2 protein chains.
Amino acid sequence: MSRGLAVASGASRGGRLPRQGTSADALPEAGFEQWPEDVDFGPLADLIGYALRRAQIAIYQDFFATVGELGFTPQLFAALVLIERNPSLNQTRLGRIMGVNRAAAMAFIDRLEDMKLVAREASKSDRRSNAVVLTKLGRERLSMLVQAVREHDARASQNLTASEVSTLRRLLRKF
Amino acid sequence: MSRGLAVASGASRGGRLPRQGTSADALPEAGFEQWPEDVDFGPLADLIGYALRRAQIAIYQDFFATVGELGFTPQLFAALVLIERNPSLNQTRLGRIMGVNRAAAMAFIDRLEDMKLVAREASKSDRRSNAVVLTKLGRERLSMLVQAVREHDARASQNLTASEVSTLRRLLRKF
DNA sequence: TATTGTTATACTCTATAACTATA
DNA sequence: TATAGTTATAGAGTATAACAATA
């Protein structure tokens with residue numbers, strides 16, 4: 001029952017840094033078409049899950065198009081914020097909050113540690129656990145990132161009025 | 001600009017079939033915590049993109065917990081529906097609609113073909129293209145699947161009233 | 001020149017399973 | 001017994017880059 005759940009992350013997930021690569025053949029690829037009018041979506045048009053997925057594809061695109069060049073995925077950004085605001089979280093709990101298991105949490109904490117943005121500190125209360133905390137560099141980068149991500153999020157929501165945005169946020173949280 | 005976009009899928013994406021595996025150690029893993037009250041989400045709490053992500057994680061979990069055993073991911077299901085309703089779509093276009101490039105579209109069409117659910121038909125108007133169509137078996141499986149997925153989607157939305165669901169769908173589409 | 005299908009390749013993210021140390 | 005961190009491994013999904021056939 002609990003296995004395979006983090007699938008969701010993978011799913012909502014995804015989240016990979018765009019690669020380099022420049023060749024004549026590669027350029028005109030992709031180009032997501034958002035709800036094209038000449039396509040019949042059939043039962044998909046009625047499913048909240050599908051609308052959620054398409055909205056997420058769109059916002060991920062904007063994330064990478066705007067703050068992607070800073071070298072962060074939405075996941076890494078979220079991890080940094082959670083670590084900053086909750087320095088007492090251990091690795092396993094951090095993973096559970098983010099929808100991945102211990103091993104996957106290890107992977108992204110390793111990565112943030114390699115980037116010198118976070119550090120593991122031995123917990124005194126439970127010697128099995130590590131607390132994960134931001135470094136000074138991590139705090140600096142994060143404050144810049146937060147600003148950029150807020151701008152991205154506002155731009156992504158620009159087709160909605162302020163009250164629609166807050167309705168949307170409320171309904172998504174009730175989910 | 002176009003590279004790395006399908007990240008979104010990966011992201012919103014994800015979508016992997018849960019594995020088997022049964023061992024004493026493996027059982028208590030994962031267990032996504034949805035908006036736990038003792039956690040400070042800081043700026044994440046205001047971001048539509050983040051609310052979208054968490055909602056998606058939750059609904060993916062429910063998808064796999066309910067219709068996952070039928071052997072389909074949300075992506076494969078969506079592909080089947082699009083193929084049924086739009087039999088003239090070629091592989092590249094189908095990929096663009098779903099947010100992935102040609103090569104990735106190849107992969108899931110190959111898979112559906114291996115499952116005998118779809119077939120490639122040479123297009124007469126453009127001899128470079130294939131039209132992708134459902135087989136008889138594909139139509140049968142899909143009609144069962146649609147029923148199961150509709151039930152899943154309704155259950156996932158059970159915390160919302162009917163009017164909230166339609167508001168949510170409308171706002172997500174405006175995105 | 002541009003696009004479609006195709007293939008080979010590499011990379012990211014994740015789960016599984018096992019181990020050790022601690023609870 | 002159960003849980004935290006860790007590691008090795010495997011699998012899914014995707015992009016990149018090239019090619020031939022066709023437009």
Side-chain angles (χ1 to χ4, degrees), chain A residues 2-31 60 64 73-76 89-96 98-111 120 122-123 125-132, chain B residues 2-31 57 60 64 73-76 89-96 98-111 120 122-132:
Chain A
S2 57
R3 264 145 311 158
L5 292 190
V7 154
S9 333
S12 60
R13 167 183 47 125
R16 170 190 306 149
L17 290 175
R19 280 216 246 133
Q20 312 290 6
T22 302
S23 97
D25 193 54
L27 285 171
E29 287 285 2
Y60 259 73
F64 285 106
T73 62
Q75 276 288 57
L76 289 178
L89 291 180
N90 68 31
Q91 304 181 183
T92 300
R93 179 93 202 278
L94 185 58
R96 268 203 304 267
M98 297 188 59
V100 299
N101 75 2
R102 291 181 292 171
M106 280 285 310
F108 69 69
I109 294 169
D110 281 348
R111 185 151 166 205
R120 289 167 157 100
S123 164
S125 55
D126 184 341
R127 286 165 45 216
R128 294 172 302 184
S129 292
N130 289 335
V132 185
Chain B
S2 57
R3 264 144 310 155
L5 291 190
V7 153
S9 332
S12 63
R13 166 179 58 113
R16 168 191 306 150
L17 290 174
R19 281 217 244 133
Q20 312 290 8
T22 303
S23 97
D25 193 54
L27 284 172
E29 287 285 2
I57 292 177
Y60 260 75
F64 285 105
T73 61
Q75 275 289 55
L76 289 178
L89 290 181
N90 68 30
Q91 304 182 183
T92 299
R93 177 93 202 278
L94 185 58
R96 267 203 306 265
M98 298 188 60
V100 301
N101 75 3
R102 289 180 295 170
M106 279 285 310
F108 69 70
I109 294 170
D110 281 349
R111 185 151 166 207
R120 289 166 158 102
S123 164
K124 289 178 182 173
S125 55
D126 183 340
R127 287 163 47 214
R128 293 172 303 183
S129 292
N130 288 334
V132 186

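Given the structure is predicted, the values throughout are model-derived calculations rather than measurements. Below, read A as the first sequence line, B as the second, and so on, with proteins coming before strands; counting in each chain starts at 1.
Nearer the 5' end of DNA chain C, as judged by each residue's closest nucleotide, is the contact made by A/Ala107, out of A/Ser125 and A/Ala107. Nearest-nucleotide mapping onto DNA chain D: of A/Gln91 and B/Ala104, the residue sitting toward the 5' end is A/Gln91.
One can place CG of B/Asn130 at 18 Å from P of C/dT3, the figure rounded to the nearest angstrom. Summarising the geometry, the separation between CD1 on B/Ile109 and P on C/dT6 is reported as 8 Å, rounded to the nearest angstrom. B/Met106 has its CE atom 15 Å from the P atom of D/dG13, to the nearest Å. The distance from atom CZ of B/Arg120 to atom P of C/dT4 is 15 Å, rounded to the nearest whole Å. Atom CZ in B/Arg93 sits about 18 Å away from atom C1' in C/dA2, given to the nearest Å. A straight line from CG of A/Asn90 to P of C/dA23 spans 13 Å, rounded to a whole angstrom. Distance, B/Arg102 CZ to C/dA8 P: 16 Å, rounded to whole Å. In this structure, B/Asp110 atom CG and C/dT4 atom C1' are separated by 15 Å, rounded to whole Å.
Between B/Asn90 and B/Arg102 there is no side-chain heavy-atom pair separated by less than 4.5 Å.
Shown here for A/Gln91 and A/Ile109, the closest heavy-atom pair between the two residues is CG-CD1, 3.7 Å. Considering every non-hydrogen atom in both A/Gly95 and A/Ala105, the closest pair reads CA-CB, 3.9 Å. Pairing each heavy atom of A/Val100 with each of A/Ala104, the nearest pair is CB-CB, 3.7 Å.
From B/Leu89, atom CG reaches atom OG of B/Ser123 across 11.5 Å, with rounding to the nearest 0.5 Å. Summarising the geometry, atom OG1 belonging to A/Thr73 is positioned 6.0 Å from atom CZ belonging to A/Arg111; distances are rounded to the nearest 0.5 Å.
Contact check, B/Arg127 against C/dG5: no side-chain N or O comes under 4.0 Å of OP1 or OP2. Of the side-chain N and O atoms in B/Gln75, none sit less than 4.0 angstrom from OP1 or OP2 of D/dA12. A sub-4.0 Å separation between OP1 or OP2 of C/dG5 and a side-chain N or O of B/Thr92 is present.
The main-chain N or O of A/Val132 is never found under 3.5 Å from a side-chain atom of A/Asn130 such that the two would form a donor-acceptor pair.
Judged by atom type and distance alone, A/Arg128 reaches the base of D/dT3 through a side-chain donor-acceptor pair under 3.5 Å.
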| remark: Dot-bracket for DNA chain D, 5' to 3', Watson-Crick and G-U pairs with both distances under 3.5 Å, [ ] for crossing pairs, | for partner on another strand, reads |||||||||||||||||||||||
